[in-house]
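Values reported hereafter were calculated over all heavy atoms of this structure, with side chains retained and with hydrogens, waters and symmetry mates removed.
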Amino acid sequence: MPSAEERMQAIRDVYADEPRIEVKPYHGLAMDFAKSEGAQYIVKGVRSVCDFEYEQWQADFNRRLGGIETILLYTEPELASVSSSALRELSHFGVDVSDYLPKAKK
């Protein structure tokens, strides 16, 4: 498992040409971090009905407790079974998962 700094750097590399994107670590609740950054929205992805139900519950708390709205983006159907947990496990056993990861800008 890459360290938090390595994961953050990988994200920075993917969005190197996009000056509007900053990568920052945080601890605690996402809504508290969003508020501390002056954000009004959290953008999240969903793959399935189970994901949707969980994110809907979380979005309700973010709105009620933090005044933060959540925007949900739906995955492409062919990627619905791809999860970070599955990719980590496959990678652990030596499977090349690079086709499922964004490419860094070089």
S.K.: Assigning hydrophobic clusters by single linkage (Ile, Leu, Val, Met, Phe, Trp, Tyr; side-chain heavy-atom cutoff under 4.5 Å), is Val95 placed with Tyr100?
M.R.: yes
S.K.: Looking at Tyr74, is its backbone amide N or carbonyl O close enough to the side chain of Arg47 to form a donor-acceptor pair, meaning the two atoms are under 3.5 Å apart?
M.R.: no
S.K.: Quick one: do Phe52 and Leu72 satisfy side chain to side chain contact (heavy atoms under 4.5 Å, CB included)? Show the steps, please.
M.R.: CA-CA 8 Å; Phe52 175 80; Leu72 298 177; 3.8 Å; yes
S.K.: I want to check something: taking the side chain as every heavy atom from C-beta on, are His27 and Phe33 in contact at a cut-off of under 4.5 Å?
M.R.: no
S.K.: Roughly how far, to the nearest 0.5 Å, is CD of Glu22 from CD1 of Ile11?
M.R.: 13.5 Å
S.K.: OG of Ser98 to CG of Leu87: how many Å apart, nearest 0.5 Å?
M.R.: 10.5 Å
S.K.: Measure across Ile42 and Ala34 and return the closest heavy-atom pair with its distance rounded to 0.1 Å.
M.R.: CG1-CB, 4.2 Å
S.K.: Identify all side-chain donor-acceptor contacts of residues 54-69 below 3.5 Å with residues at least two apart in sequence or on another chain.
M.R.:
from	atom 1	to	atom 2	distance (Å)
Tyr54	OH	Gln58	NE2	3.1
Glu55	OE1	Lys44	NZ	2.8
Gln58	OE1	Lys44	NZ	2.5
Asp60	OD1	Arg63	NH1	3.2
Asp60	OD1	Arg64	NE	3.1
Asp60	OD2	Arg64	NE	3.3
Arg63	NE	Glu69	OE1	3.3
Arg63	NE	Glu69	OE2	3.4

S.K.: Is there a side-chain contact between Thr75 and Val46 in this structure, where contact means two heavy atoms from C-beta onward sitting under 4.5 Å apart?
M.R.: no
S.K.: Would you say Ile21 ends up clustered with Val14 if hydrophobic residues are merged whenever their side chains have heavy atoms under 4.5 Å apart, either directly or through other cluster members?
M.R.: yes
S.K.: Is there a path from Tyr26 to Val23 through hydrophobic residues (I, L, V, M, F, W, Y) whose side chains come within less than 4.5 Å of each other?
M.R.: no
S.K.: In this structure, are over 12 heavy atoms from other groups packed under 6.0 Å from Gln40 atom CD?
M.R.: no
S.K.: Is the shortest side-chain heavy-atom distance between Arg88 and Ser84 below 4.5 Å?
M.R.: yes
S.K.: Sub-3.5 Å donor-acceptor pair from the side chain of Glu37 to the main-chain atoms of Ala39, do we have one?
M.R.: no
